[in-house]
Amino acid sequence: MTFKRLSFIVLFSYLLLCIPGSFAKETPDGLPEPKPLDVQVNPDVQFSLIDKDFLKVISLNMAHGRKDAFSQILTSKKAIEKNLDDIAEMLKREEADVVALQEADAPSWWSGNFNHVEYLAKKAGYHFYIQASHVDKFFGTYGTAIMSRLPIRESFSVAFRPTPPSTQKGFVTGKVGWDCAPQDKDCLEIDIYSVHLDFLRQAKRNQQIRTLAMMLEQRRRNSVIMGDFNSEWLGSEKVIRFLAESGSFKLYEPESENLATYGNKRLDWVIISKELNYKSYKIAKEVLSDHQAVVVEIEF
């Protein structure tokens, strides 16, 4: 890479980080106002009931489709499509029922100008998906998303308060029906969350996890909370501990040193309500992003 090109990337990164996010309305109790989302239905994939007694989920920070490249700006559309194809192959091989995505791009100048979630849902065979853009700027429109083989019966997004100079973060939630058709009224339902917290400052992550906790307290449903928390269990971090110490949720081997997802750090987690149980928990070996995917089986 030439010095001129590297200088451009550094300057561009500085400018985009200095752009504040939008201010979301708040409810009377201080919670950012949830924004309803339309559930997207993939007509190319036929819906079918899932005949098994556990739920398999995957969480992955997609890194805007660049895989482990330095920047998506320097990655061609063809290369990004190939990277997404690799993610799709992993999802099909693992036969995941629900997938939580972060750094998931809608059509964006810096990542090929196409919707990565729509592309991935078609390639990997997901009938339903939801997507929210917590960032919508000239360079890119992106955020969190959920793809599901199960019917998504209710969905919304929450954007955290802006945290300049880092870009805005947030989460999406989908209430999915287990082992039921979209038209069925009575079936087991569970809330799925795809979460992305601030990477720069622990104080902001602490605020964001409390916002998430307020939503969880309001809904009081069995939940699976997945995403890039930019937080470890060990050391001075309190973000992951905050949910664990609430008494309502459980974590899989939080002190393990063998579940790193970003270099040697465990930043990506799948957290479940105490009424649920882990059947299996592993970190995918494939290099699909600068983060490793978390693959978990959950029993009811």
Side-chain angles (χ1 to χ4, degrees), residues 34-62 65 80-81 83-107 114-133 141-157 171-195 221-227 270 272 276 279 284 288 293-300:
K35 179 182 178 181
L37 294 174
D38 292 329
V39 178
Q40 304 301 315
V41 177
N42 184 355
D44 298 330
V45 178
Q46 184 176 0
F47 172 78
S48 60
L49 293 175
I50 297 172
D51 185 20
K52 57 184 179 183
D53 58 359
F54 64 90
L55 182 70
K56 191 168 190 178
V57 302
I58 290 180
S59 181
L60 176 66
N61 181 320
M62 296 174 64
I80 288 175
E81 288 177 340
N83 295 341
L84 297 181
D85 290 344
D86 291 343
I87 295 174
E89 286 303 312
M90 181 273 292
L91 296 177
K92 288 190 290 186
R93 186 177 63 255
E94 291 289 350
E95 298 183 331
D97 304 311
V98 182
V99 181
L101 302 169
Q102 304 84 47
E103 293 190 0
D105 286 23
F114 69 102
N115 191 312
H116 293 189
V117 180
E118 180 183 12
Y119 182 94
L120 191 57
K122 289 180 178 179
K123 288 285 185 173
Y126 288 91
H127 193 66
F128 307 97
Y129 67 91
I130 57 174
Q131 181 177 13
S133 297
T141 302
Y142 64 93
T144 52
I146 294 170
M147 303 188 304
S148 178
R149 303 189 196 282
L150 309 173
I152 301 178
R153 306 165 75 86
E154 176 187 354
S155 59
F156 58 86
S157 70
F171 62 87
V172 293
T173 303
K175 181 175 71 174
V176 302
W178 174 252
D179 197 24
C180 62
Q183 68 273 15
D184 293 344
K185 294 183 178 180
D186 296 322
C187 61
L188 178 63
E189 295 177 326
I190 186 170
D191 278 355
I192 304 291
Y193 291 78
S194 178
V195 182
R221 305 182 65 87
N222 283 338
S223 300
V224 178
I225 309 156
M226 301 184 276
V270 174
I272 62 177
L276 307 176
K279 184 175 187 289
L288 303 169
V294 186
V295 183
V296 180
E297 293 176 335
I298 299 166
E299 295 178 320
F300 296 92

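Residues passing the side-chain contact (heavy atoms from CB on, under 4.5 Å) test with A293, sequence neighbours excluded: I58, L60, M90, A284. Residues satisfying the side-chain hydrogen bond (donor to acceptor under 3.5 Å, both in side chains) criterion with K175, sequence neighbours excluded, are E154. For the salt bridge (charged side-chain N to carboxylate O under 4.0 Å, His left out) test, no residue two or more places apart in sequence or in another chain qualifies with R149. Residues meeting the side-chain contact (heavy atoms from CB on, under 4.5 Å) test with A106, sequence neighbours left out: N115, Q131, S133, T141. Annotation: side-chain hydrogen bond (donor to acceptor under 3.5 Å, both in side chains) contacts of K35 (sequence neighbours excluded): none. For D184, there are no salt bridge (charged side-chain N to carboxylate O under 4.0 Å, His left out) partners two or more places apart in sequence or in a different chain. Residues meeting the salt bridge (charged side-chain N to carboxylate O under 4.0 Å, His left out) test with E94, sequence neighbours left out: K56, K282. For D191, the salt bridge (charged side-chain N to carboxylate O under 4.0 Å, His left out) test picks out R219, R221, with sequence neighbours left out. For F300, the ring-ring contact (aromatic ring centres under 6.0 Å, His included) test picks out W178, with sequence neighbours left out. With sequence neighbours excluded, the residues satisfying side-chain hydrogen bond (donor to acceptor under 3.5 Å, both in side chains) with E297 are S280. For E81, there are no side-chain hydrogen bond (donor to acceptor under 3.5 Å, both in side chains) partners, not counting sequence neighbours. Here Y129 pairs with nothing under the ring-ring contact (aromatic ring centres under 6.0 Å, His included) rule; sequence neighbours left out.
With values rounded to the nearest 0.5 angstrom, D105 atom CG is found 12.0 Å from L120 atom CG.
Relative ring orientation between Y193 and F171 is described as tilted, the plane-to-plane angle lying within the 30° to 60° band.
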Please test I298 against V296 for side chain to side chain contact (heavy atoms under 4.5 Å, CB included), starting from the C-alpha separation and ending with a verdict. CA-CA 6 Å; I298 299 166; V296 180; 3.8 Å; yes
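Side-chain atoms of S59 come within 3.5 Å of backbone N or O of G227 as a donor-acceptor pair. Under the 3.5 Å distance criterion, the side-chain polar atoms of N222 are left unmatched by any main-chain donor or acceptor of I190. In terms of modelled atom types and a separation under 3.5 Å, the side chain of S148 and the main chain of V98 share no donor-acceptor contact.
With S194 as reference, V172 is the one residue of V99, I130, V224, V172 to meet the side-chain contact (heavy atoms from CB on, under 4.5 Å) rule.
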